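Below: one structure, written as structure tokens.
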Amino acid sequence: MAARKRALATTDATKPEPTTNAQDQPATTTDPPIAPPKSGLILKLCLIFSLPYFYLIFYQYKIESELKRSILINAGVSLAGFFLTQKIIPVASRYVLRRNLFGFDINKKGTPQGTVKVPESLGIVVGIVFLVLAILFQYFNFTADSIWLVEYNAALSSICFMILLGFVDDVLDVPWRVKLLLPSIAALPLLMAYAGHTTIIIPKPLIPYVGLKVWDLGWMYKLYMGLLAVFCTNSINIHAGLNGLEVGQTVVIAFAILIHNLMQIGASADPEYKQAHAFSIYLVQPLLATSLALFSYNWYPSSVFVGDTYTYFAGMTMAVVGILGHFSETLLIFFAPQVLNFLLSVPQLFGFVKCPRHRLPRFDPQTGLLTGTNDGTLVNFFLRLFGKMSEKSLCAKLLIVQ
Amino acid sequence: MAARKRASATSEATKPEPTTNALGQTDPPIAPPKSGLILKLSLFFSLPYFYLIFYRYKIESDLKRSILINAGLSLFGFFVTQKMIPVASTYVLRRNLFGFDINKKGTPQGTVKVPESLGIVVAIVFLVLAILFQYFNFTADSNWLVEYNAALASICLMTLLGFVDDVLDVPWRVKLVLPSIAALPLLMAYAGHTTIIIPKPLVPNFGIEVLDLGWIYKLYMGLLAVFCTNSINIHAGLNGLEVGQTVVIAFAILIHNLMQIGASADPDYKQAHAFSIYLVQPLLATSLALFSYNWYPSTVFVGDTYTYFAGMTMAVVGILGHFSETLLIFFAPQVLNFLLSVPQLFGFIKCPRHRLPRFDPETGLLTGTNDGTLVNFFLRLFGKMSEKSLCAKLLIFQAIGCCLCFVLRYFLAGWYK
């Protein structure tokens, strides 16, 4: 549950002041309401990312030239998407503020920054640019066959439907019981189109106990897929509340997925296996690029908030690539901090322990530091373990743990 | 441009009052649906529908079964949509997505906050029905699945963009481009032929019977999507007009599909028209549910979400069913409205924010202005009338146009194709 958004937006539905200067200034240009992006940080991150990336593609592995070309074209398209997203976010912010989709930064309450109206739901920009990139990429994938196209279009339908439901949630604020169901509904195109095997490989040490090497789960595998979608989306949603945490965790996991895909392609000789991991790369690269653009605005101090639109979109995209790339167990291991956060949250989510509206740490405006409360979240657990710290350093440490 | 919405919503963003009363119960903020009207329309629709499916044509049992399963699913969708619209209305009002009915300004009804963008309910139920239907279509092959999923992706993306437009109020130049973006999945997946058949009388002039347009055909498809969505959007402004025209055209498409399936022996051809049926039936059913609330007097407004969703769905079935010329003939009133609007849309004549007729609170009648819309043209031609009767006449006009199309096809069959 995206904790710190819209602290007062519903009760205080007045028109935002700094967007219209009709009465004060006759000038027709509107001042940019949000700060410029933190491009220096993004540049540093990109350099760190590109080293293993290019090493694996060009040096470590011999990848077929057609596949390599497709991957690099996709990377180029994603790069264009990065700049497009960066350009559109400030534009969208004005429209979003004008329609009162904003929140106050609860972790800055008591300081001047705590009174700034931060535009919400900028995940919609990331989602739409991602979809356009993913749709256009089909034109460049020369190795596509019918089955690939069905899975790809089903993936796009699922992600698109999730963005739609996420944005509807951000705008209409649906009850949390409905929120839990939304990802299952959005995952339906994927479940319908999934034509792959529904078997799991029993770990070798367990074969004597189970009696089989390979176990066909049938419809239970599809149920697992649906639940994976619900888990990925909601787990990112509840591991939130600090500037840059939601996008940051997505960027880290997406990069890990990308490296995993490249390594699997390089180390394998089975063309279908490589195809599955390539499929994942074609969706993860645009996710990574557009998320980095959002990160440049959302990192501490946040000039925009991402909204449930973003967390649902990102979670669904990663569930989709994990399912269609056939590496969902690896994906779940990448999601270990999210799993831990979920387990810590279970008592409060299921009502055994009282669950407040926001389970955020306590902010002290005097020192600017956060103190952990007794709420069951990884954020608070970290603070209780390591003591008070600033929001920026706490978020950075959590991303390093990830 | 959906004319009458949000007349004052942006300047008066106050919380709506009637949602909770002293007892803590929530009063339903919208009136009950006009179910009697829908029942009458459904009876009227089902006569030709069942006649064609069961009596007139021998349709293979597999195909017939798929069509009827789809019809059953759509019927279910009708009731789900009807149930959800009031629920969604409370949420929508709470977030200040409402408008005032400009055509009732000066009367007490003109002060009621009407919830907006209820097209989102129709679209989401439609998408769920369409996604689930894949499970029941036993005759599906790979190609079919690709086209179907691409169609769903296009319709879903259009709904998303339409809802973003309703919430954020994007500039009209961006609005025009949105359907082209949403049509991309369709254009990418379209694996059909890009040829057109030259009408027989023109063959001597062209020298060929079939012309392969290649990428120009894809451009045409993209433009068709832009046209269908925006033309419904501008032929609007009266209670029930947007949904009503969609219901009429969707029913005409359905009858056309059934007739083409019955009269043809080519399995690919039948498959294409069946594809269209599988999307048009849910569209018709969910739209009827919205119509039961949106017909005069409107208790909900549909928003650009609905007009974009409906326009895109009809463009998609026309393209993938390979009957886009017939679709354009069904859209004749929309074409006429577009032509009448051209001088104002392109700036030759001054274009006001709303191009609605003038409402007189005393008499309750609408008078036509000099704006270039079919609504105003009708009023200038036939004199003042009430909003309800004007809308009904325009919908009958739409229906007559569709019937004429069938008559035309009957007489021209064999002559031009």
Side-chain angles (χ1 to χ4, degrees), chain A residues 9-11 13-15 91-92 94-96 98-101 121 124-125 127-128 131-132 134-139 144-168 170-175 185-193 195 309, chain B residues 9-15 88 90-92 94-97 117 120-121 123-124 127-128 130-135 141-164 166-171 178 181-189 191 305:
Chain A
T10 44
T11 43
T14 51
K15 250 189 2 182
V91 176
R94 282 203 312 271
Y95 284 91
V96 155
R98 197 184 305 165
R99 299 291 295 165
N100 292 332
L101 268 173
S121 308
I124 189 68
V125 178
I128 291 177
L131 285 172
V132 173
I135 293 166
L136 291 178
F137 173 71
Q138 284 178 98
Y139 185 71
D145 60 8
S146 268
I147 297 184
W148 188 91
L149 279 172
V150 175
E151 290 192 343
Y152 196 76
N153 278 286
L156 290 186
S157 291
S158 279
I159 296 171
C160 185
F161 203 12
M162 188 77 261
I163 297 173
L164 174 66
L165 294 175
F167 190 63
V168 169
D170 266 342
V171 172
L172 302 186
D173 215 0
V174 307
I185 300 175
L188 286 174
L190 197 59
L191 300 184
M192 291 291 146
T309 312
Chain B
T10 44
S11 42
E12 251 185 58
T14 51
K15 253 196 352 192
T90 47
Y91 283 92
V92 155
R94 196 184 305 164
R95 300 288 297 165
N96 293 329
L97 268 173
S117 308
I120 191 66
V121 177
I124 291 177
L127 285 169
V128 174
I131 293 166
L132 291 178
F133 175 69
Q134 283 176 101
Y135 185 72
D141 61 5
S142 268
N143 262 341
W144 188 92
L145 280 172
V146 177
E147 291 190 345
Y148 195 77
N149 277 286
L152 290 186
S154 280
I155 296 171
C156 187
L157 187 50
M158 187 78 261
T159 305
L160 173 64
L161 294 174
F163 190 64
V164 168
D166 266 341
V167 172
L168 300 185
D169 214 0
V170 306
L178 298 179
I181 300 175
L184 287 174
L186 197 60
L187 300 184
M188 292 291 147
T305 311

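Keep in mind that this is a model prediction, so the values were computed, not measured. A, B, ... follow the sequence lines: proteins, then strands. Residue 1 opens every chain.
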What part of B:L152 is in contact with chain A, defined as an atom under 4.5 angstrom from a non-hydrogen atom: side chain, backbone, both or neither? both
So, taking the atom named [atom1] in [X] and the one named [atom2] in [Y], what distance separates them when rounded to the nearest 0.5 Å?
X      : Y      : atom1 : atom2 : result
B:I131 : A:L190 : CD1   : CG    : 10.5 Å
A:L156 : B:L184 : CG    : CG    : 11.0 Å
B:L168 : A:L101 : CG    : CG    : 7.0 Å

Among [options], which has the most heavy-atom pairs under 4.5 Å with chain A?
options                : result
B:I120, B:L132, B:V164 : B:V164
B:L187, B:I124, B:L160 : B:L160
B:A123, B:P171, B:A88  : B:P171

Measure A:L165 against the heavy atoms of chain B and call it side chain, backbone, both or neither at under 4.5 Å. side chain
The interface call for A:L131 against chain B, heavy-atom contacts under 4.5 Å, is side chain
So which heavy atom on [X] is nearest to which on [Y], and how close?
X      : Y      : value
B:D166 : A:R99  : O-NH2, 4.2 Å
A:C160 : B:C156 : SG-SG, 3.4 Å
A:V174 : B:Y91  : CA-CE2, 4.3 Å
B:A153 : A:N153 : CB-O, 4.5 Å

Sequence neighbours left out, what passes side-chain contact (heavy atoms from CB on, under 4.5 Å) with B:A182? Give chain and number order. B:L157, B:M158, B:L161, B:M312
Suppose we screen for ring-ring contact (aromatic ring centres under 6.0 Å, His included). Which residues come up paired with B:F163, at least two apart in sequence or across chains? A:F167
After noting the C-alpha distance and the side-chain angles of A:F161 and B:V128, does the key distance pass the side chain to side chain contact (heavy atoms under 4.5 Å, CB included) rule? CA-CA 10 Å; A:F161 203 12; B:V128 174; 4.0 Å; yes
